[in-house]
Q: 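Mind looking over this structure? Questions follow.
Just so you know, these numbers use all the heavy atoms, side chains as well, and skip hydrogens, waters and symmetry mates. When a residue number appears, it is its place in the shown sequence, counting from 1.
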Amino acid sequence: TDYQGVGQRLSGSFSFGGFMIKKYLETGKIVGTHGVRGMVRIQPWADSGEFLTQFKKLYLDENGENSVTVLKAQPHGGVVIASFKNTETIEQAEKLRGKTVYIDREDACLPKGRYFVEDIIGCTAYDADSEKEYGTVTDVSVTGANDVWHITKNNKEYLIPAIDEVIVSVEPENGRVIIRPMKGIFDDED
């Protein structure tokens, strides 16, 4: 099972099979300007900067009320260089510095079987074989080899690797993930 590492928090939401799914997802931050013609540098909060190049519209608030039309976006090192309609000077671009960039999930094209990180956070983790409840996914850490899911139950946090041998299925529409944890991870559970 694979998922798209986008965002940390979400706002604006809608119900999807009884589970709340957020409409606008944080996907990066404008960290500076590029050149003198109004271009900006966006630090992407996605698996890669390439993900941001698919959007024609980005949002500068969590409710999707303030949008910018993307004229051009391309990955450049660890950032994305973008130009927006009506942002033509360095002064106009400078006013955007520090703004969080959001996408509308409906504009995103994710392959089947891929999910946004924020759809996984809040899901309850169950054992694939026994249906035992392990807790709630409360965070996802990005490491060098694979992501690590933080599962919390009774104020105790467990870390599981997000690898195919452990993650059996992801069902954000049902608010659950099915796992087959490695031996020893939950053995000390009361």
Side-chain angles (χ1 to χ4, degrees), residues 1-123 137-142 147 149 162 170-177:
T1 302
D2 205 0
Y3 59 95
Q4 181 71 32
V6 173
Q8 298 299 316
R9 292 169 297 282
L10 305 171
S11 357
S13 60
F14 56 93
S15 181
F16 183 69
F19 189 70
M20 289 305 260
I21 300 290
K22 308 293 182 167
K23 180 170 174 58
Y24 297 99
L25 297 85
E26 286 185 7
T27 192
K29 183 175 190 173
I30 299 174
V31 294
T33 61
H34 182 80
V36 295
R37 297 189 178 157
M39 296 181 85
V40 297
R41 290 182 298 121
I42 302 172
Q43 176 187 9
W45 296 339
D47 290 345
S48 74
E50 190 69 35
F51 178 77
L52 278 179
T53 64
Q54 70 179 290
F55 301 97
K56 299 296 179 203
K57 187 176 279 196
L58 297 174
Y59 301 86
L60 301 176
D61 66 273
E62 61 188 20
N63 298 315
E65 295 169 358
N66 185 11
S67 66
V68 290
T69 301
V70 179
L71 299 176
K72 183 178 181 182
Q74 64 185 36
H76 182 76
V79 297
V80 173
I81 305 297
S83 63
F84 303 139
K85 185 176 180 180
N86 299 324
T87 305
E88 300 162 357
T89 67
I90 192 168
E91 293 80 15
Q92 290 170 324
E94 188 62 42
K95 291 178 182 177
L96 299 174
R97 182 190 298 264
K99 297 261 187 199
T100 299
V101 177
Y102 299 80
I103 61 168
D104 183 335
R105 80 167 46 246
E106 293 176 15
D107 296 338
C109 297
L110 291 182
K112 184 176 173 35
R114 293 201 54 151
Y115 305 92
F116 291 111
V117 167
E118 287 306 320
D119 293 346
I120 296 167
I121 292 176
C123 286
V137 181
T138 54
D139 200 3
V140 175
S141 296
V142 178
D147 290 353
W149 290 8
V170 179
E171 304 170 8
E173 66 278 6
N174 297 320
R176 57 189 265 152
V177 294

Q: Where the side chain of Asp107 meets the backbone of Phe55, is there a donor-acceptor pair that is under 3.5 Å apart?
A: no
Q: Donor-acceptor pair, Glu118 side chain versus Leu25 backbone, under 3.5 Å?
A: no
Q: Could you go through Arg41 and Ile81, starting from their C-alpha distance and side-chain angles, then the distance that decides it, and tell me whether this counts as side-chain contact (heavy atoms from CB on, under 4.5 Å)?
A: CA-CA 5 Å; Arg41 290 182 298 121; Ile81 305 297; 3.4 Å; yes
Q: Which pairs pass salt bridge (Lys or Arg N to Asp or Glu O under 4.0 Å) with one or both residues in residues 88-101, sequence neighbours excluded?
A: Glu94-Arg97
Q: Would you name the heavy atoms of Val40 and Leu96 that are closest together and state the gap between them?
A: CG1-CD1, 4.3 Å
Q: Return yes if some donor-acceptor pair links the side-chain N/O of Asn174 with the main-chain N/O of Arg176 below 3.5 Å, else return no.
A: no
Q: How about Phe84 and Leu60: do any of their side-chain heavy atoms sit closer than 4.5 Å?
A: no
Q: In sequence, state the C-alpha distance, the side-chain angles, and the governing distance for Val79 and His34, and then conclude on side-chain contact (heavy atoms from CB on, under 4.5 Å).
A: CA-CA 11 Å; Val79 297; His34 182 80; over 6 Å; no
Q: I need the minimum non-hydrogen distance between Cys123 and Pro172, along with the two atoms involved.
A: SG-CA, 4.0 Å
Q: Kindly give the heavy-atom pair with the smallest separation between Trp45 and Lys29, and that separation in Å.
A: CZ2-CB, 3.7 Å
Q: Take Leu58 and Ile103, measure what side-chain contact (heavy atoms from CB on, under 4.5 Å) needs, and give me the verdict at the end.
A: CA-CA 5 Å; Leu58 297 174; Ile103 61 168; 3.8 Å; yes
Q: Side chains of Thr27 and Phe51, heavy atoms from C-beta outward: is any pair under 4.5 Å?
A: yes
Q: List in chain and number order the residues that pass side chain to side chain contact (heavy atoms under 4.5 Å, CB included) with Lys56, two or more places apart in sequence or in another chain; answer none if no residue qualifies.
A: none
Q: Nearest 0.5 Å, what's the OH-CD1 distance between Tyr115 and Ile120?
A: 8.5 Å
Q: Considering non-hydrogen atoms only, spot the tightest contact between Ile42 and Leu52 and give its length.
A: CG2-CD1, 3.8 Å
Q: Do you know the tightest heavy-atom contact between Cys109 and Gln54?
A: N-OE1, 2.9 Å
Q: Between Gly49 and Pro75, what is the shortest heavy-atom contact and its length?
A: C-CG, 4.0 Å
Q: Using the test ring pair (Phe, Tyr, Trp, His ring centres under 6.0 Å), find all partners of Tyr59 that sit at least two apart in sequence or belong to another chain.
A: Tyr24
Q: Less than 4.5 Å apart, any side-chain heavy atom of Thr33 and any of Met39?
A: no
Q: Can you find a pair of side-chain heavy atoms, one from Lys23 and one from Glu106, that are under 4.5 Å apart?
A: yes
